[in-house]
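Read through the structure below, which is laid out as structure tokens, and then see the notes.
Since we're looking at a predicted model, the values are computed, not measured.
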Amino acid sequence: MNISERRACRALGQHRSTQRKVPRGRDDEEALTADLVALAEKYGRYGYRKISALLKAAGWFVNDKRVERIWRREGLKVPANQPKRGRIWDNDGSCVRLRPEHRNHVWSYDFVEARTHDGRKIRMLNVVDEFTHECLAIRVARKLKAIDVIDVLSDLFILRGVPGHIRSDNGPEFVAKAVQAWITGVGAKTAYITPGSPWENGYVESFNARLRDELLNGEIFYTLREAQVVIESWRRHYNTVRPHASLGYRPPAPEVFMPAFSAWPAALPRPAPPAKLPVAERPTVH
């Protein structure tokens with residue numbers, strides 16, 4: 001079209017300087033993109049907000065909007081949101097669910113099952129502090145009975161003190177008379193959920209889903225010992241490194257004296273910015 005730049009810009013409501021200024025990208029855009037993609041590959045079930053928190057922990061001064069822009073530009077997929085579940089309510093509208101009010105107020109525990117490569121079953125007993133969201137223990141064995149529940153709890157009581165309540169479902173290992181008598185004897189109270197209502201034990205159920213989604217679904221365990229080592233390493237990573245959205249994208253129990261690379265897996269260990277991955281670890285960005 002034979003029309004002047006001035007007239008075209010006036011018709012479009014656009015300033016003329018936009019036709020002359022060449023857009024410039026930031027100097028660190030390529031390095032940031034490479035680190036972001038590397039983290040997305042390493043933590044495949046994390047969204048851009050958790051990746052942003054890991055980048056900041058690694059030394060990047062970057063906001064969530066910039067991370068989201070690069071995330072979408074690179075075509076990275078955000079994991080699907082968990083479906084919302086209703087609560088249990090009394091007739092007067094009050095929630096009957098016991099709410100944690102401080103550390104060691106309410107613990108919850110539950111079993112998760114998986115299999116080694118030979119098809120044999122392994123069981124995991126997961127214990128979670130509902131207030132801090134910290135995973136206190138994961139006991140991994142071929143079989144776990146009521147005596148094993150007592151053994152795990154006794155170790156935790158010595159290390160962390162006796163909680164006010166312990167929440168669980170009505171599995172035979174939890175409702176066993178020996179377990180109930182022992183818990184009552186040390187000064188704690190049991191809080192059993194309504195049969196067939198797993199959403200009442202939402203904290204540990206959510207943890208179980210994270211464990212399965214982020215670790216168990218992507219690992220092949222050839223031996224029981226391998227499963228114990230890998231799962232314990234993931235537990236330490238979950239507590240000290242993994243960002244939690246409900247905690248403002250902070251880990252529940254960060255250990256500032258522990259190097260990041262000692263957790264599972266390494267969360268980009270390197271000094272203050274400019275933060276860059278080693279050449280050998282940085283993927284090619286097209």
Side-chain angles (χ1 to χ4, degrees), residues 38-46 50 54 79 82 107-130 132-160 166-174 176 179 198 201-244 251-255 258-269 281:
L39 279 172
E41 290 178 350
K42 188 169 293 185
Y43 305 103
R45 298 301 299 171
Y46 286 9
K50 285 187 174 65
L54 289 176
Q82 293 293 321
W107 291 2
S108 57
Y109 55 178
D110 196 12
F111 286 107
V112 171
E113 293 186 356
R115 293 185 181 275
T116 50
H117 187 258
D118 57 7
R120 297 177 62 193
K121 184 173 65 177
I122 58 175
R123 301 191 79 193
M124 287 151 273
L125 174 61
N126 304 331
V127 186
V128 177
D129 187 316
E130 294 190 359
T132 64
H133 295 195
E134 181 181 2
C135 176
L136 305 178
I138 302 179
R139 172 69 63 87
V140 183
R142 294 291 183 187
K143 295 181 180 180
L144 291 170
K145 300 180 180 179
I147 189 63
D148 299 299
V149 173
I150 295 175
D151 185 49
V152 172
L153 292 180
S154 62
D155 289 344
L156 290 176
F157 287 1
I158 293 172
L159 291 174
R160 298 174 176 268
I166 302 179
R167 195 196 313 268
S168 71
D169 59 25
N170 296 270
E173 300 87 357
F174 301 138
V179 174
N201 203 10
Y203 289 93
V204 75
E205 292 289 348
S206 176
F207 173 81
N208 293 345
R210 302 283 76 75
L211 171 62
R212 190 169 297 281
D213 185 48
E214 297 175 10
L215 178 66
L216 300 181
N217 288 347
E219 289 284 344
I220 298 176
F221 302 121
Y222 289 95
T223 64
L224 174 63
R225 182 56 182 165
E226 179 187 10
Q228 291 171 338
V229 171
V230 173
I231 292 172
E232 174 61 20
S233 181
W234 182 87
R235 185 188 71 86
R236 290 187 284 110
H237 166 81
Y238 179 90
N239 288 336
T240 61
V241 178
R242 182 188 185 276
H244 290 238
E255 297 182 7
M258 185 183 73
F261 57 81
S262 64
W264 179 93
L268 299 182
E281 296 184 19

Within the 6.0 Å centroid threshold, strictly below: W234 and F207: yes
Check: E226 side chain, F221 main-chain N or O, donor-acceptor pair, under 3.5 Å: no
Under 3.5 Å donor-acceptor, S154 side chain and I150 backbone: yes
Other residues, nucleotides, ligands: >12 heavy atoms within 6.0 Å of R225 CZ: no
Check: Y43 and E214 side chains under 4.5 Å, non-hydrogen atoms: no
Evaluation steps, side-chain contact (heavy atoms from CB on, under 4.5 Å), between V149 and Y109: CA-CA 9 Å; V149 173; Y109 55 178; 3.6 Å; yes
Atom pair CD1/CZ of I166 and F157 - distance to nearest 0.5 Å: 3.5 Å
side-chain contact (heavy atoms from CB on, under 4.5 Å) evaluation trace for R160 with D129: CA-CA 11 Å; R160 298 174 176 268; D129 187 316; over 6 Å; no
Nearest non-hydrogen partners of K50 and P243, listed with the distance: CE-O, 3.1 Å
Sole candidate of N126, D213, V128 that passes side-chain contact (heavy atoms from CB on, under 4.5 Å) when paired with N208: N126
Verdict with reasoning, R115 to I122, per side-chain contact (heavy atoms from CB on, under 4.5 Å): CA-CA 5 Å; R115 293 185 181 275; I122 58 175; 5.9 Å; no
Interatomic distance, L54 atom CG to Y46 atom OH [nearest 0.5 angstrom]: 6.5 Å
Any donor-acceptor pair under 3.5 Å from N239 side chain to C135 backbone: yes
CG-CD1 distance between L215 and I231, expressed to the nearest 0.5 angstrom: 6.0 Å
Check against side-chain contact (heavy atoms from CB on, under 4.5 Å), L125 and R123: CA-CA 7 Å; L125 174 61; R123 301 191 79 193; over 6 Å; no
Side-chain heavy atoms of P251 within contact of T240, under 4.5 Å: no
Expected output: side-chain D148 to main-chain K145 donor-acceptor under 3.5 Å: yes
V204 side chain near W107 side chain, heavy-atom distance below 4.5 Å: no
Nearest non-hydrogen partners of L156 and L136, listed with the distance: CD2-O, 3.7 Å
F174 side chain near V179 side chain, heavy-atom distance below 4.5 Å: no
Atom pair CD/CG of E130 and N201 - distance to nearest 0.5 Å: 6.5 Å
Atom pair CG/CD of L216 and E113 - distance to nearest 0.5 Å: 11.5 Å
From CD (E173) to CZ (F111), nearest 0.5 Å: 4.0 Å
Distance flag, aromatic centroids of Y238 and H244, threshold under 6.0 Å: yes
